[in-house]
2 protein chains.
Amino acid sequence: MINDQTKNKPPFEAESVVFKALNHPVRLAILEVLRDGEHCVCHLSAYLGQRQSYISQQLIVLRESGLVQDRRDGWNVYYSVVNSLVFEIVDGVRALSGAEASTLPIAQTECTCPSCSSKKSN
Amino acid sequence: MINDQTKNKPPFEAESVVFKALNHPVRLAILEVLRDGEHCVCHLSAYLGQRQSYISQQLIVLRESGLVQDRRDGWNVYYSVVNSLVFEIVDGVRALSGAEASTLPIAQTECTCPSCSSKKSN
DNA sequence: TAATCATATTCAAATCCGTGAATATGATTA
DNA sequence: TAATCATATTCACGGATTTGAATATGATTA
């Protein structure tokens with residue numbers, strides 16, 4: 001039980017919560033970025049070239065569906081996936097749909113958060 | 001490439017087509033019924049207690065997303081899943097969401113199609 | 001406590017989706 | 001070809017989703 005929206009609901013509602021969260025290009029892109037571990041909102045925003053408030057909106061959907069979790073560290077909030085099974089699902093759907101190995105809408109800007117700056121890569 | 005909606009589209013559109021098709025209680029219920037092989041529309045309609053035209057609408061979505069295929073035999077049209085990987089995905093999402101093993105909205109009426117009548121079960 | 005930083009929230013408009021109702025299509029049989 | 005059967009399609013409306021814009025919140029530092 002990874003979210004609280006699954007109790008006493010019509011059949012398949014619990015699954016719908018997850019499918020709904022995954023049915024969105026930007027949210028899928030966010031998950032792709034999170035494949036290699038946690039990232040802060042500012043990094044996701046810069047990397048995906050989307051406004052911060054918009055990324056926040058999508059992160060909230062992902063968080064409320066139970067797919068990601070957040071952790072605050074000073075100024076930054078770092079998001080990560082709760083259960084890596086989600087990647088198997090995404091990969092499965094990708095295989096089903098015959099899509100290529102995900103062409104990410106990449107890196108418009110540099111993220112200036114501490115962890116990104118220290119890495120100094122990507 | 002199991003559907004035609006995956007070419008020259010924005011990133012993750014192909015995956016979205018599948019996620020969208022799966023994000024629907026009745027369509028998930030239909031897939032559950034199709035776990036044990038092909039079934040005609042009248043059976044799905046009777047078994048799930050939904051009007052035939054409504055089941056048809058949902059089957060069209062599933063078919064256009066490439067998840068199911070149809071086969072005509074006389075009066076009846078039989079639907080079946082194209083790739084059983086879809087069940088692994090559904091099961092994965094179910095595990096992820098912590099849902100129970102799918103409580104189907106079951107059997108209101110009897111289907112009178114040839115294949116159902118001959119089986120004379122369920 | 002005031003300024004600053006990253007992040008979250010609210011609001012509204014446009015679009016999309018779900019679904020009932022009615023009806024069309026197309027194969028089959030008489 | 002007319003009747004009948006299973007299935008498919010169209011239409012319309014109400015509700016949900018998407019997304020830009022503006023702003024709020026809350027932690028941190030000076």
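Note that the structure is predicted; figures quoted are calculated from it, not measured. Just so it is clear, the values below take in all heavy atoms, side chains as well, and ignore hydrogens, waters and symmetry mates. Naming convention: chains lettered A, B, ... in sequence-line order (proteins, then strands); numbering from 1 in each chain.
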J.: Mapping A:Ser53 and A:His24 to their closest nucleotides on DNA chain D, which lands nearer the 5' end?
T.: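 Per heavy-atom nearest nucleotide, the more 5' residue is A:His24.
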J.: Round to a whole Å and report the spacing from CG of A:Leu62 to C1' of D:dT18.
T.: 15 Å
J.: Please list, pair by pair, any protein nitrogen or oxygen found under 3.5 Å from a nitrogen or oxygen in nucleotides 12-15 of chain D.
T.:
none

J.: To the nearest 0.5 Å, tell me how far A:Phe19 CZ sits from A:Ser65 OG.
T.: 12.5 Å
J.: Tell me whether A:Val61 shares a hydrophobic cluster with A:Val41, the cluster being built from Ile, Leu, Val, Met, Phe, Trp, Tyr side chains joined at under 4.5 Å.
T.: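 As far as the 4.5 Å side-chain criterion goes, A:Val41 and A:Val61 are not connected within one cluster.
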J.: Under a cut-off of 3.5 Å for both distances of each Watson-Crick or G-U pair, what dot-bracket string does DNA chain C give, using [ ] for crossing pairs and | for inter-strand pairs?
T.: ||||||||||||||||||||||||||||||
J.: Can you check side chain to side chain contact (heavy atoms under 4.5 Å, CB included) on A:Ser80 and A:Gln69, steps first, answer last?
T.: CA-CA 6 Å; A:Ser80 57; A:Gln69 57 198 192; 3.4 Å; yes
J.: Hydrophobic cluster membership, with links at side-chain heavy-atom distances under 4.5 Å among I/L/V/M/F/W/Y: are B:Val81 and B:Val26 in one?
T.: yes
J.: For the pair made of CD1 in A:Ile60 and C1' in D:dT19, what is the distance, rounded to whole Å?
T.: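 Whole-Å distance recorded here is 14 Å.
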J.: For A:Val61 and B:Asp70, find the nucleotide of DNA chain D closest to each by heavy atoms; which residue's nucleotide sits nearer the 5' end?
T.: B:Asp70
J.: State, to 0.1 Å, how close A:Val68 and A:Tyr79 come at their nearest heavy-atom pair, and which atoms those are.
T.: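 It is CG2-CD2, 3.8 Å.
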J.: Does one side chain, of A:Ser84 or A:Glu88, offer a donor that lies under 3.5 Å from an acceptor on the other?
T.: no
J.: Do B:Gln57 and B:Ser53 get their side chains close enough for a donor-acceptor pair, meaning under 3.5 Å?
T.: no
J.: Could you tell me how far apart A:Ile30 (CD1) and D:dT18 (P) are, to the nearest whole angstrom?
T.: 13 Å
J.: Using a 4.0 Å cut-off to any heavy atom of chain A, which nucleotides of DNA chain C are the first and last in contact, reading 5' to 3'?
T.: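 For DNA chain C, the relevant span reads C:dC5 to C:dT10.
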J.: Between C1' on D:dA16 and NZ on B:Lys20, what's the gap in Å once rounded to a whole number?
T.: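 Roughly 13 Å, once rounded to whole Å.
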J.: Any chain of hydrophobic side-chain contacts (each under 4.5 Å) joining A:Phe87 to B:Val93?
T.: yes
J.: Both A:Val77 and A:Gln57 contact DNA chain C. Which one's nearest nucleotide lies toward the 5' end?
T.: A:Val77
J.: Is a salt bridge present between B:Glu32 and B:Arg94, judged by a nitrogen-to-oxygen distance below 4.0 Å?
T.: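 Looking at B:Glu32 and B:Arg94, the cut-off is met.
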J.: Nearest whole angstrom, please: distance from the C1' of D:dA16 to the CD of A:Glu64.
T.: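 Those two atoms, CD and C1', are 15 Å apart.
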